[in-house]
**Student:** 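Handing you this structure, nothing more for now.
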Amino acid sequence: MDSKDIISFAAKRNIKDSVFTKIFGEKKYLLQLYQALHPEDTETTEEDLKTITLEPIFLKDITNDLGFSVKDKLFILVEAQSTVSVNIIVRSFMYLARTYQEYLEETKQNLYGSKPVKLPKPELYVIFSCETNTDKEVLTLSEEFFGGDETAIEVRVNVITDKNGKGIIGQYIIFTKVLDMQRKTLGNTEEAIINTIKICKNENILKDFLQEHEKEVYNIMISLYNYEKIYEMFERELIAEGEARGEAEGEARSLERVVLEMLKDNEELSKISKFTHLSLEKINEIKARFTNNFQLAGD
C-alpha cells in the first residue's frame, strides 16, 4: 500500500472512528452502549461509568477507541473497525494490559506485595462495521494465532456486526453503511456528508445525537474529506518528485505537506498521527522545522 492509498484508507477509517469517539464521549450515549451490551443490568447509571480510554502522553504511545469502567468492577474496551483483522485480538490485549497498568498506578496497589491486587473484570469487544462473512461471535488468541493450542494466555474478543448489533451500536453500524453508500454514489463530496446525516436523521439512526451535534459531525467528516483532497492536490508533485528524487522521497514530501496543512488547521498531533500513519516524533520534527512559518514552500 503506497502513501496515497494509506491516506485514502485513513480518511475513510477515521471519519467513522472520529464519529464513534464523539458519540461515546458523552455519558448518556455511553450508557446506551453499555445497556446494549448488558440489557440485563437496569440499575447502572451514568454516574457509575468512567471513561478510561488510553490517551497519548509519550511518543509512540498506544491509544484505543473506547474504554470505560462500570462501578469500578468491570472494564469494557471497545474497538470500532471498518476492516476485518484478527490482529485486533493482539491490540486489544495490549490495550487491556496498559489499562490495567494505569489502574494499578491510579489506585496505588502494590503489584509486588503478597496481597492479591484487586482488578475489575475485563470485557473486550470489536465492532466490525464493514461487510463480513464471519459468523464468529468471539475471536480468540489461541484459535487465530496458535491453531487452537492452549498457551500461557488466552484473549477473547467479542465480535459485533450488523447481524448482532443492538441498540445504539446497531445504529452506529447502519450510520457507517449509509456513509459508505453515499461515498460510493457521490464520491468524497460535501453532498455525500449532508445526505448521510439527513438520511440517518430521517430514519431515526443516531437521530438524537445528530440533532444535537449535526454541525460538529459535519465538521469532523468534512475535515477528513478535505485532507484527502489535499493529498490529491499533491499527487502530481509526488509523481514528479518521485521521478526526480526517488519515489520514497517524493511520497515523504507529500505526506509532510499534508501534516503542515493539518497543523495550520490546529489539529491535534494524535489525530494527525492516526491520519497519516506518521509517528508523533516525526510530526513534532516537521512542526519544529516550520514553527515560525506554516506557509508551504512554493505557494
Side-chain angles (χ1 to χ4, degrees), residues 10 13-38 41 44-83 85 87-107 119-129 139 155-160 165 167-169 171-173 175-176 206 209 212-213 216-217 220-221 223-224 267-275 277 279-280 283:
R13 182 178 187 276
N14 281 283
I15 287 171
K16 298 170 186 176
D17 290 352
S18 296
V19 174
F20 179 86
T21 302
K22 177 64 180 176
I23 296 170
F24 300 114
E26 293 192 27
K27 282 287 187 71
K28 64 179 178 179
Y29 298 115
L30 184 61
L31 178 60
Q32 290 181 38
L33 183 147
Y34 172 70
Q35 291 171 336
L37 298 175
H38 286 277
D41 184 353
T44 294
T45 65
E46 292 179 23
E47 288 69 30
D48 296 321
L49 305 180
K50 178 183 177 183
T51 300
I52 54 173
T53 305
L54 299 173
E55 298 291 343
I57 300 175
F58 302 105
L59 297 179
K60 299 181 180 180
D61 268 0
I62 61 172
T63 59
N64 59 336
D65 288 340
L66 176 66
F68 64 98
S69 62
V70 184
K71 300 178 181 178
D72 216 26
K73 296 181 179 179
L74 182 66
F75 275 174
I76 296 180
L77 306 186
V78 185
E79 294 299 300
Q81 302 291 301
S82 57
T83 57
S85 172
N87 291 331
I88 190 62
I89 304 170
V90 180
R91 298 206 310 272
S92 294
F93 170 68
M94 294 173 66
Y95 300 149
L96 180 61
R98 170 68 183 278
T99 300
Y100 273 142
Q101 180 183 9
E102 292 193 353
Y103 176 77
L104 289 170
E105 291 174 356
E106 180 183 337
T107 55
L119 297 175
K121 178 182 176 182
E123 290 184 2
L124 306 176
Y125 296 87
V126 58
I127 300 173
F128 288 134
S129 59
L139 297 175
V155 181
R156 299 171 56 85
V157 180
N158 298 290
V159 177
I160 302 176
I168 197 168
I169 300 176
Q171 291 182 45
Y172 169 76
I173 294 174
F175 168 85
T176 66
L206 301 178
F209 170 76
E212 293 175 7
H213 302 286
E216 293 168 85
V217 171
I220 288 172
M221 298 169 77
S223 66
L224 290 168
E267 293 288 3
E268 295 180 0
L269 298 188
S270 59
K271 182 176 180 180
I272 298 175
S273 176
K274 195 171 185 180
F275 185 87
H277 287 210
S279 68
L280 292 177
I283 293 169

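All values below come from the heavy atoms of this structure, side chains included, with hydrogens, waters and symmetry mates left out. Being a predicted model, the structure only gives us computed values, none of them experimental.
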**Student:** Working to the nearest 0.5 Å, report the span between CD of Q101 and CG of L54.
**Tutor:** 10.0 Å
**Student:** Just how far is it from atom CD of E102 to atom CD of E105, taken to the nearest 0.5 Å?
**Tutor:** 7.0 Å
**Student:** Using every non-hydrogen atom in the two residues, find where S82 and S129 come nearest and quote the distance to one decimal.
**Tutor:** CA-OG, 3.7 Å
**Student:** Enter the distance from R98:CZ to L77:CG here, rounded to the nearest 0.5 Å.
**Tutor:** 12.5 Å
**Student:** Is a side-chain donor or acceptor of Y172 paired with a backbone partner of I23 at a separation under 3.5 angstrom?
**Tutor:** no
**Student:** Go through the steps for Y34 and D41 under the test side-chain hydrogen bond (donor to acceptor under 3.5 Å, both in side chains), then give the verdict.
**Tutor:** CA-CA 9 Å; Y34 172 70; D41 184 353; 2.6 Å; yes
**Student:** Keeping the roles fixed (side chain from N158, backbone from L124), state whether a donor-acceptor pair exists under 3.5 Å.
**Tutor:**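 Yes, N158 side chain to L124 backbone: donor-acceptor pair under 3.5 Å.
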**Student:** I need the F20 CZ to T176 OG1 distance, nearest 0.5 Å.
**Tutor:** 11.0 Å
**Student:** Is it the case that Y125 and E123 place a side-chain donor and acceptor less than 3.5 Å from each other?
**Tutor:**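 The criterion, which ignores hydrogens and geometry beyond distance, is satisfied for E123 and Y125.
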**Student:** Under 4.5 Å between any side-chain heavy atoms of L31 and T44, yes or no?
**Tutor:**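 Of all side-chain heavy-atom pairs linking T44 with L31, at least one is under 4.5 Å.
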**Student:** Determine yes or no for a side-chain-to-main-chain donor-acceptor pair under 3.5 angstrom, with K27 supplying the side chain and L49 the backbone.
**Tutor:** yes
**Student:** Mind checking whether Q81 and I127 have side chains closer than 4.5 Å, heavy atoms only?
**Tutor:**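 Counting from C-beta outward, Q81 and I127 never come under 4.5 Å.
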**Student:** For F24 and L66, which heavy atoms make the closest approach, and how far apart are they?
**Tutor:** CB-CD2, 4.0 Å
**Student:** Would I52 and Y103 count as a side-chain contact (heavy atoms from CB on, under 4.5 Å) here? Give the steps.
**Tutor:** CA-CA 9 Å; I52 54 173; Y103 176 77; over 6 Å; no
**Student:** Should we say atom CZ of F93 is surrounded by more than 12 heavy atoms from elsewhere, each under 6.0 Å from it?
**Tutor:** no
**Student:** Is L37 close to I169 at the side-chain level, that is, under 4.5 Å between some pair of heavy atoms?
**Tutor:**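 In short, these two side chains touch, coming nearer than 4.5 Å.
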**Student:** Give a yes or no on whether the backbone of I168 and the side-chain of Q32 come within a donor-acceptor separation of less than 3.5 Å.
**Tutor:** no
**Student:** Between K28 and E46, does at least one N-O distance fall below 4.0 Å, as a salt bridge requires?
**Tutor:** no
**Student:** Can you check salt bridge (charged side-chain N to carboxylate O under 4.0 Å, His left out) on K50 and E106, steps first, answer last?
**Tutor:** CA-CA 13 Å; K50 178 183 177 183; E106 180 183 337; 2.6 Å; yes
**Student:** Under the side-chain hydrogen bond (donor to acceptor under 3.5 Å, both in side chains) criterion, do S69 and D72 qualify, and how do the steps go?
**Tutor:** CA-CA 6 Å; S69 62; D72 216 26; 4.8 Å; no
**Student:** Would you say Q171 and F209 make side-chain contact, with heavy atoms under 4.5 Å?
**Tutor:** no
**Student:** Counting only N and O atoms by type, is there a donor-acceptor contact under 3.5 Å from the side chain of E79 to the main-chain atoms of D65?
**Tutor:**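 A pair under 3.5 Å: yes.
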**Student:** Do I173 and I160 touch side chain to side chain, with heavy atoms closer than 4.5 Å?
**Tutor:** yes
**Student:** Give, for atom CE of M94 and atom OG1 of T99, the distance between the pair rounded to the nearest 0.5 Å.
**Tutor:**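 Between atom CE of M94 and atom OG1 of T99 there are 11.5 Å.
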**Student:** Tell me, do Y100 and P122 make a side-chain contact under 4.5 Å, heavy atoms counted?
**Tutor:** yes
**Student:** Quick check against the 3.5 Å criterion: does T53 have a side-chain atom that pairs as donor or acceptor with the backbone of G67?
**Tutor:**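 Side chain of T53 to backbone of G67, a donor-acceptor pair under 3.5 Å: yes, one is there.
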**Student:** Donor-acceptor pair, S92 side chain versus I89 backbone, under 3.5 Å?
**Tutor:** no
**Student:** Say you draw a straight line from CG of L74 to NZ of K121; how long is it, rounded to the nearest 0.5 Å?
**Tutor:**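 Between L74 CG and K121 NZ, I get 7.0 Å after rounding to 0.5 Å.
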**Student:** List the steps and the verdict of side-chain contact (heavy atoms from CB on, under 4.5 Å) for E216 and K22.
**Tutor:** CA-CA 9 Å; E216 293 168 85; K22 177 64 180 176; 2.7 Å; yes
**Student:** I'd like to check L119 versus F75 (side-chain heavy atoms, cut-off strictly below 4.5 Å). Are they in contact?
**Tutor:** no
